[in-house]
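Counting begins at 1 with the first residue of the sequence.
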Amino acid sequence: MDQIIVRGNGPLSGEIPIAGAKNACLTLMPATLLTDQPLTLTNAPRLSDIRTMTALLQSLGAEAAGLQDGQVLALSSHDLTSHRADYDIVRKMRASILVLGPMLARDGRAEVSLPGGCAIGARPVDLHLKALEAMGAELDLRDGYVHAKAPAGGLRGAVVDFPLVSVGATENALMAATLAKSTTVLNNAAREPEIVDLARCLRAMGAQIEGEGTSTITIQGVDALHGATHPVVTDRIELGTYMLAPAICGGEVECLGGRIELLSAFCEKLDEAGIRVEETPRGLKVSRKNGGIRAVNVTTEPFPGFPTDLQAQFMALMCVAEGTSVLEETIFENRFMHAPELTRMGARIEVHGGHATVTGVDGLRGAPVMATDLRASVSLILAGLAAEGQTTVSRVYHLDRGYEHVVRKLRGVGAHIERVKEE
């Protein structure tokens, strides 16, 4: 098993290219199941989760191959041989549930294992299932699988009122509705850029969709979709993560491909904390303003609010801020598992339910720490960049699910970081 070793760093300087969005790509890939024609995705990230989704699609009979060093994904589902998404693959990644809606819409049946993923909360799939039931699907949960069947004549348009905002449920319902009979309206729909990206791809495939990016999405079902080529949107979570590197270390880094509109609430908090973010023709340039880092309070919210996927990384910054900050987690109930590891490095953090109170310290100390999930792993790397001495991060296989070439990218701006085999 690999470890990442980080040594306390001085100011960073240079450019970091931001990859295509993992969460967007994992949503776009199952869209191939909606058509028998090829779907090509460009700007795809090269991550283990993408390989897992590729394996899942191939297990269903789809063709999936990475071209041009994996940044182009060529997909085709002209001849599906199975409608069963097995536990052995699905358990590795929560996004696997997104094959349910497309298979049900196109072929009228699907068997999908209940999914796995990072252990950061229950994240039930009931909203996915209620949306499909509203379209007429018959669902039976047994033996750890969702057994789904469309009515005779296929799924029907419906009004779906989500009681809570759910990105995954919005995505599943959106894909299923493209081939449903008549009109589907999704109320209280998620507004994330990944939803907008999916809608744009589906529209390029012939879907009739309006309202993406708002809380009400309207889909007029069509008889069939066709092939398309679509570029994956910039990964806003990778973008925010690397924006925090010069914030915590000092210096100036330009994140290529970044746009403030992807992270407006996050950028506002950086500004409050004393971090300058400037738009450039190539992306976003990040540096500290005059003075130290100031403590600010954060509450995670669905888009366009502060992303839960940047809460752990922002906590690392608050560990060395002047004053006390309160971070409130409203999306996932178990998402402060990185806090005990940060305290091993000298951070002062108190966790009470969904609130973490962080009192800034003059400096962190390097220590052996363990990654507990994807975003926690990179928060420990950021903390290590600001710490005195050496930090060794173990269980970094989580990192490979969401960040490509993290060592190479941070080294490119002057970070002291390496990946080694665990002794």
* To do: Output, in order, the C-alpha distance, side-chain angles, deciding distance and verdict of side-chain contact (heavy atoms from CB on, under 4.5 Å) for Ser325 and Leu327.
  => CA-CA 7 Å; Ser325 58; Leu327 282 68; 3.7 Å; yes
Could you give the distance from [atom1] ([X]) to [atom2] ([Y]), rounded to the nearest 0.5 Å?
X: Leu34; Y: Met205; atom1: CG; atom2: CE; answer: 5.5 Å
X: Met243; Y: Leu270; atom1: CE; atom2: CG; answer: 5.5 Å
X: Lys285; Y: Glu279; atom1: NZ; atom2: CD; answer: 12.5 Å
X: Met370; Y: His398; atom1: CE; atom2: NE2; answer: 8.0 Å
X: Glu63; Y: Leu39; atom1: CD; atom2: CG; answer: 13.0 Å
X: Glu252; Y: Arg276; atom1: CD; atom2: CZ; answer: 8.5 Å

Side-chain contact, heavy-atom cut-off 4.5 Å: [X] with [Y]?
X: Arg344; Y: Pro340; value: no
X: Leu80; Y: Leu33; value: yes
X: Asp36; Y: Arg106; value: yes
X: Ile293; Y: Met318; value: yes
X: Ile237; Y: Leu310; value: yes
X: Arg236; Y: Phe266; value: no
X: Leu202; Y: Ile219; value: no
X: Ser113; Y: Ser96; value: no

Salt bridge or not for [X] and [Y], using N-O below 4.0 Å?
X: Lys22; Y: Asp309; result: no
X: Glu272; Y: Lys269; result: yes
X: Arg395; Y: Glu341; result: no
X: Lys289; Y: Asp271; result: yes

Check for a donor-acceptor pair, side chain of [X] on one end and backbone N or O of [Y] on the other, with a separation under 3.5 Å.
X: Ser377; Y: Leu374; answer: yes
X: Tyr145; Y: Tyr87; answer: yes
X: Arg46; Y: Gln71; answer: no
X: Asn172; Y: Gly101; answer: yes
X: Asp107; Y: Arg109; answer: no
X: Thr35; Y: Leu225; answer: yes
X: Glu210; Y: Thr218; answer: no
X: Arg288; Y: Ala247; answer: yes
X: Gln313; Y: Leu244; answer: no
X: Ser264; Y: Glu261; answer: no

* Where at least one partner belongs to residues 200-209, residue pairs that pass salt bridge (Lys or Arg N to Asp or Glu O under 4.0 Å), sequence neighbours excluded ->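 As it turns out, the salt bridge (Lys or Arg N to Asp or Glu O under 4.0 Å) pairs with a partner in residues 200-209, which skip direct neighbours, are Arg203-Glu212.
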Taking side-chain hydrogen bond (donor to acceptor under 3.5 Å, both in side chains) as the test, write out the residues that go with [X], two or more places apart.
X: Thr170; result: none
X: Asn188; result: none
X: Glu301; result: none
X: Thr359; result: Thr324

To check you understand the geometry: which heavy-atom pair defines the closest contact between [X] and [Y], and what is its length?
X: Pro246; Y: Leu12; answer: N-CD1, 4.1 Å
X: Asn43; Y: Val232; answer: ND2-O, 2.9 Å
X: Thr372; Y: Met337; answer: OG1-CB, 3.5 Å
X: Met103; Y: Ser82; answer: SD-O, 4.3 Å
X: Leu129; Y: Leu139; answer: O-CD1, 3.3 Å
X: Ala190; Y: Val167; answer: CB-CA, 3.7 Å

* Results of side chain to side chain contact (heavy atoms under 4.5 Å, CB included) for Glu111 - residues two or more places apart only ->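 Glu111: side chain to side chain contact (heavy atoms under 4.5 Å, CB included) contacts with Arg84, His147.
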* Qualifying residue, where the test is side chain to side chain donor-acceptor pair (under 3.5 Å) with Thr183 and the options are Gln208, Gln220, Arg156 ->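 Single pass found, and it is Gln220.
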* Intermediate values then yes/no, side-chain hydrogen bond (donor to acceptor under 3.5 Å, both in side chains), Glu171 and Thr27 -> CA-CA 7 Å; Glu171 292 165 341; Thr27 303; 3.1 Å; yes
* To do: Check the pair Leu114, Val90 against side-chain contact (heavy atoms from CB on, under 4.5 Å), reporting the backbone distance first and the verdict last.
  => CA-CA 7 Å; Leu114 294 172; Val90 174; over 6 Å; no
* Any side-chain donor near an acceptor of the partner, Glu329 and Thr300, under 3.5 Å ->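 Side chains of Glu329 and Thr300: pair found under 3.5 Å.
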* To do: Let me see the working for Leu284 and Ile18 under side-chain contact (heavy atoms from CB on, under 4.5 Å), right down to the final yes or no.
  => CA-CA 11 Å; Leu284 297 178; Ile18 305 302; over 6 Å; no
* To do: Count the heavy atoms of every other residue, nucleotide or ligand shown that sit under 6.0 Å from CZ of Arg419, and state whether that count exceeds 12.
  =>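 Yes - once you tally the heavy atoms of other residues, nucleotides and ligands closer than 6.0 Å, there are more than 12.
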* Asked: Run the side-chain contact (heavy atoms from CB on, under 4.5 Å) check on Asp86 and Ser59 step by step: do they pass?
  -> CA-CA 8 Å; Asp86 282 325; Ser59 76; 6.0 Å; no
